[in-house]
**Student:** 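There's a structure below that I have some questions on.
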Amino acid sequence: MPAARNALRVLALLAEQVGPTRAATVARELDMPRSSAYQLLQVMRDEGFLVHYPELGAFGPSAKVREIGSRAGAATRLERLGQPVLERAVSATAVPATAHLAVLAGSDIVYAARAQGSRSPTTVSKVGVRLPALHTATGRALLTALPYSQVLANLPTTTEFEGSVRSRSELRSLLRATADRGYATESGDVDANYGSVAAAAFDAAGYPTAAIGLTFRLAAVESEAWIELGAAVQSAAADLTRRLGGTAKQ
């Protein structure tokens with residue numbers, strides 16, 4: 001089964017790379033004819049296992065691969081490492097809020113853990129729930145931490161954008177504003193009564209593994225409290241980054 005073996009070798013190689021990899025590099029590293037490597041990469045892309053980055057002329061593992069290969073183990077590890085951080089975040093803020101841990105899955109985020117205090121609001125951020133990444137503060141925090149080419153590869157085409165971000169220029173503006181602020185915000189995009197703030201946590205490879213968010217009732221929060229909540233999620237994300245053995249992105 002040489003084709004199956006080569007496909008697995010390609011996945012193993014790409015999983016070790018920091019960023020997208022060119023077909024010529026795959027061919028060289030795996031000692032394959034360049035034409036064969038390119039054809040194999042195209043098939044794997046068509047089947048959803050790879051993402052092609054046209055601006056770079058390179059390939060990388062898709063969200064499908066991450067979901068198949070690491071969802072169970074990573075989710076369990078993240079939940080165990082993140083749960084105490086979420087609980088501290090909820091208790092540290094004076095605003096009644098629900099804390100949640102989310103991971104990126106293609107164009108969506110998936111909630112992996114959450115924590116509530118006695119006065120925390122009821123939200124849709126239950127473990128296992130998927131929401132469009134662009135609609136959520138956690139999704140925006142994670143997308144901001146990715147290379148722009150990867151953001152575009154993860155998201156639908158601009159004609160399919162919905163909600164408060166309707167074009168590529170609006171997407172760029174959102175990502176830049178989030179990066180400048182240091183944390184992501186969302187006000188009424190998921191539910192008109194709720195707002196959220198979030199920040200990304202990084203693993204040892206510098207990848208934004210998860211985001212920590214705080215969701216609260218908009219009516220209960222004055223404008224100046226957003227800064228305090230933003231600082232709280234930044235602190236919580238930095239804590240989780242340390243627990244993951246990572247370094248916060250500068």
Side-chain angles (χ1 to χ4, degrees), residues 13-26 41-42 44-46 48-67 70 102-110 130-187 189-190 196-213 230 233-234 237-238 240-241 244 246-250:
L13 174 66
L14 296 183
E16 295 173 352
Q17 308 306 306
V18 175
T21 305
R22 293 178 177 272
T25 303
V26 172
L41 290 167
Q42 292 291 340
M44 294 175 71
R45 183 195 66 175
D46 293 343
F49 290 94
L50 299 182
V51 173
H52 181 230
Y53 301 88
E55 295 86 356
L56 302 176
F59 296 83
S62 70
K64 182 177 183 179
V65 172
R66 292 195 185 94
E67 288 179 297
S70 62
V103 297
L104 199 60
S107 61
D108 295 335
I109 55 94
V110 179
R130 297 175 71 108
L131 290 173
L134 274 180
H135 292 188
T136 66
T138 49
R140 293 171 181 180
L142 290 167
L143 292 173
T144 299
L146 294 174
Y148 187 61
S149 60
Q150 188 171 346
V151 172
L152 294 181
N154 277 22
L155 295 178
T157 63
T158 54
T159 57
E160 295 174 318
F161 283 156
E162 296 178 351
S164 60
V165 181
R166 296 184 176 275
S167 69
R168 189 167 292 190
S169 62
E170 290 182 357
L171 172 63
R172 275 190 176 277
S173 296
L174 172 67
L175 297 179
R176 286 171 180 163
T178 301
D180 291 342
R181 191 187 306 112
Y183 59 91
T185 65
E186 168 273 310
S187 180
D189 288 270
V190 177
S196 299
V197 295
F202 299 83
D203 62 17
Y207 185 80
T209 300
I212 290 181
V233 291
Q234 285 180 294
L240 181 57
T241 294
L244 290 168
T247 302
K249 188 176 181 180
Q250 300 298 320

**Student:** Can you find a pair of side-chain heavy atoms, one from Arg181 and one from Val197, that are under 4.5 Å apart?
**Tutor:** no

**Student:** Restricting to non-hydrogen atoms, name the atom on Gly182 and the atom on Ala199 that form the minimum distance, rounded to 0.1 Å.
**Tutor:** O-CB, 4.4 Å

**Student:** Roughly how far apart are Thr136 OG1 and Asp108 CG, rounded to 0.5 Å?
**Tutor:** 9.0 Å

**Student:** What are the two closest heavy atoms between Leu56 and Pro20, and how far apart are they?
**Tutor:**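 Closest approach of Leu56 to Pro20: CD1-CG, 3.9 Å.
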
**Student:** How far apart are the closest heavy atoms of Ala200 and Thr241, and which atoms are they?
**Tutor:** O-OG1, 4.4 Å

**Student:** State the CE-CG distance between Met44 and Leu14, to the nearest 0.5 angstrom.
**Tutor:**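 The CE atom of Met44 sits 7.0 Å away from the CG atom of Leu14.
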
**Student:** Considering the options Asp189, Leu175, Leu171, which one meets the side chain to side chain contact (heavy atoms under 4.5 Å, CB included) requirement together with Arg140?
**Tutor:** Asp189

**Student:** Heavy atoms only: give me the nearest Pro208-Leu142 pair and the separation to one decimal.
**Tutor:**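 Nearest heavy atoms, Pro208 then Leu142: O-CD2, 3.5 Å.
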
**Student:** Could you state the interatomic distance from CZ (Arg130) to OG (Ser107), rounded to the nearest 0.5 Å?
**Tutor:** 7.5 Å

**Student:** If only side-chain N and O atoms count, and only distance matters, is there a donor-acceptor pair under 3.5 Å linking Glu186 with Ser196?
**Tutor:** yes

**Student:** Can you name the residues that form a side chain to side chain donor-acceptor pair (under 3.5 Å) with Gln42, not counting sequence neighbours?
**Tutor:** Tyr38, Arg45

**Student:** Looking at every heavy atom in both Gln17 and Leu13, which two are closest together, and how far apart are they?
**Tutor:** NE2-O, 3.0 Å

**Student:** State the CG-OG1 distance between Leu174 and Thr185, to the nearest 0.5 angstrom.
**Tutor:**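 Reported value, rounded in 0.5 Å steps: 7.5 Å.
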
**Student:** Minimum heavy-atom separation for Leu143 to Ala133, with atom names?
**Tutor:**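 Taking Leu143 first and Ala133 second, the nearest heavy atoms are CD1-CB, 4.0 Å.
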
**Student:** Answer yes or no: is there a donor N or O on one side and an acceptor on the other, between the side chain of Ser62 and the main chain of Gly48, under 3.5 Å?
**Tutor:**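 Yes, because the side chain of Ser62 sits within donor-acceptor range (under 3.5 Å) of the backbone of Gly48.
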
**Student:** Nearest 0.5 angstrom please: Thr138 OG1 to Ile109 CD1, how far?
**Tutor:**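 Spacing of OG1 (Thr138) from CD1 (Ile109) equals 4.0 Å.
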
**Student:** Just how far is it from atom CG of Leu41 to atom CZ of Phe49, taken to the nearest 0.5 Å?
**Tutor:** 14.0 Å

